[in-house]
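For the numbers below, each heavy atom of this structure counts, side chains included, while hydrogens, waters and symmetry mates do not. All values derive from a computational prediction rather than experimental measurement.
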Amino acid sequence: MLHEGVSSYDALREKVDAFAHAVSARREDVVCRAGCSGCCHAKLSLCDVEADALADAVRALPAEARRALTAQLERPDDDRCALLDDDGRCAAYAGRPLVCRTQGLPLRYPAGTVPVDAVRASAGGDVTWCPLNFEDTPPEAHDVLDAERVDLMLALINRDHSATPTRRTSIATIVRRALAGEHRD
């Protein structure tokens with residue numbers, strides 16, 4: 001049962017964070033940390049429920065952080081996430097979407113959905129993880145997050161949240177709109 005005021009999306013984020021924390025606490029070979037930003041070199045888009053949560057997090061940033069984000073958005077076009085600063089840190093870390101919260105972890109997807117060169121194991125599907133993690137010993141079954149299930153739960157939450165549940169918005173657009181004080185249509 002959810003506590004009053006906690007949305008289904010917040011509850012899902014908390015579960016994913018708890019799983020990630022448990023894996024990191026069990027495994028010394030998970031090297032994800034502040035400044036490690038290899039997975040942040042992508043132009044991602046989000047469904048409406050995640051876009052709204054990220055926009056709220058950006059609007060809640062202190063003025064200095066919002067000014068820095070504005071400057072980041074004006075940098076030359078590269079492959080970095082709009083939230084990634086020059087020190088390799090996320091400007092809105094606390095509000096980051098699920099895809100960012102799960103990167104680096106061993107993630108299981110249905111067989112055939114992960115590019116062949118990214119598959120590191122097969123255990124009831126294709127399992128992939130950051131090559132910097134689990135270098136000496138592969139993850140154990142309880143270290144693997146069922147990404148398909150997380151994606152399904154997110155889709156169901158988004159369906160209840162959005163009149164246009166298939167809409168995706170780029171993180172850069174979400175940040176620009178939030179900094180301008182705009183809200184999603």
Side-chain angles (χ1 to χ4, degrees), residues 1-2 6-54 57 79-84 88-90 92-162 165-171 174:
M1 179 168 174
L2 296 176
V6 177
S7 73
S8 298
Y9 175 66
D10 290 336
L12 179 58
R13 277 197 316 197
E14 288 173 13
K15 285 183 179 187
V16 167
D17 286 349
F19 181 87
H21 179 74
V23 171
S24 295
R26 273 194 305 272
R27 302 289 303 242
E28 292 180 11
D29 52 354
V30 174
V31 297
C32 298
R33 67 196 175 291
C36 180
S37 61
C39 59
C40 304
H41 290 265
K43 303 287 185 175
L44 300 175
S45 62
L46 306 178
C47 64
D48 285 351
V49 70
E50 288 203 290
D52 291 347
L54 180 59
D79 68 345
R80 293 188 300 174
C81 174
L83 294 168
L84 186 62
R89 295 174 184 268
C90 179
Y93 186 81
R96 70 199 186 286
L98 290 171
V99 65
C100 302
R101 292 168 188 271
T102 60
Q103 291 307 298
L105 292 173
L107 304 171
R108 182 179 43 255
Y109 292 94
T113 59
V114 174
V116 173
D117 59 339
V119 175
R120 301 193 180 288
S122 294
D126 292 339
V127 180
T128 185
W129 61 84
C130 175
L132 300 176
N133 293 332
F134 310 102
E135 283 191 303
D136 297 325
T137 308
E140 297 178 23
H142 60 275
D143 296 326
V144 179
L145 181 64
D146 186 341
E148 180 182 25
R149 181 171 285 179
V150 172
D151 290 346
L152 177 61
M153 289 187 287
L154 177 59
L156 292 171
I157 292 166
N158 190 62
R159 182 192 66 193
D160 292 342
H161 177 82
S162 175
T166 59
R167 175 175 35 210
R168 307 281 299 176
T169 307
S170 75
I171 288 178
I174 296 162

What's the spacing between [X] [atom1] and [Y] [atom2] if we round to 0.5 Å?
X: I157; Y: R13; atom1: CD1; atom2: CZ; result: 10.5 Å
X: R101; Y: L145; atom1: CZ; atom2: CG; result: 13.0 Å
X: R149; Y: L12; atom1: CZ; atom2: CG; result: 12.0 Å
X: L84; Y: C100; atom1: CG; atom2: SG; result: 10.0 Å
X: H161; Y: D52; atom1: NE2; atom2: CG; result: 3.5 Å
X: N158; Y: D151; atom1: CG; atom2: CG; result: 12.0 Å

Where [X] and [Y] come nearest, the two heavy atoms and their spacing:
X: C32; Y: Q103; result: SG-O, 4.1 Å
X: A92; Y: L54; result: CB-CD1, 4.1 Å
X: R27; Y: E140; result: NH1-N, 3.7 Å
X: P97; Y: Y9; result: CA-OH, 3.9 Å
X: W129; Y: P106; result: CB-CA, 3.6 Å
X: A147; Y: L107; result: CB-CB, 4.1 Å

Heavy-atom check, side chain of V127 versus side chain of R120, under 4.5 Å: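 No. Closest side-chain heavy atoms not under 4.5 Å.
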
pair V31-C36: side-chain heavy atoms closer than 4.5 Å: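 V31 does not reach C36 side chain to side chain.
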
Check against side-chain contact (heavy atoms from CB on, under 4.5 Å), D29 and D136: CA-CA 8 Å; D29 52 354; D136 297 325; 5.5 Å; no

Donor-acceptor contact below 3.5 Å, side chain R26 vs main chain H142: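 Yes, R26 side chain to H142 backbone: donor-acceptor pair under 3.5 Å.
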
Any donor-acceptor pair under 3.5 Å from D126 side chain to V119 backbone: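 No.
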
Trace of the side-chain contact (heavy atoms from CB on, under 4.5 Å) decision for F19 with T102: CA-CA 9 Å; F19 181 87; T102 60; over 6 Å; no

H21, NE2 atom: more than 12 neighbouring heavy atoms under 6.0 Å: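 Atom NE2 in H21 is not packed in, count stays at 12 or less.
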
side-chain contact (heavy atoms from CB on, under 4.5 Å) between C81 and L44, intermediate numbers included: CA-CA 7 Å; C81 174; L44 300 175; over 6 Å; no

Full working for side-chain contact (heavy atoms from CB on, under 4.5 Å) between C47 and R168: CA-CA 5 Å; C47 64; R168 307 281 299 176; 3.9 Å; yes

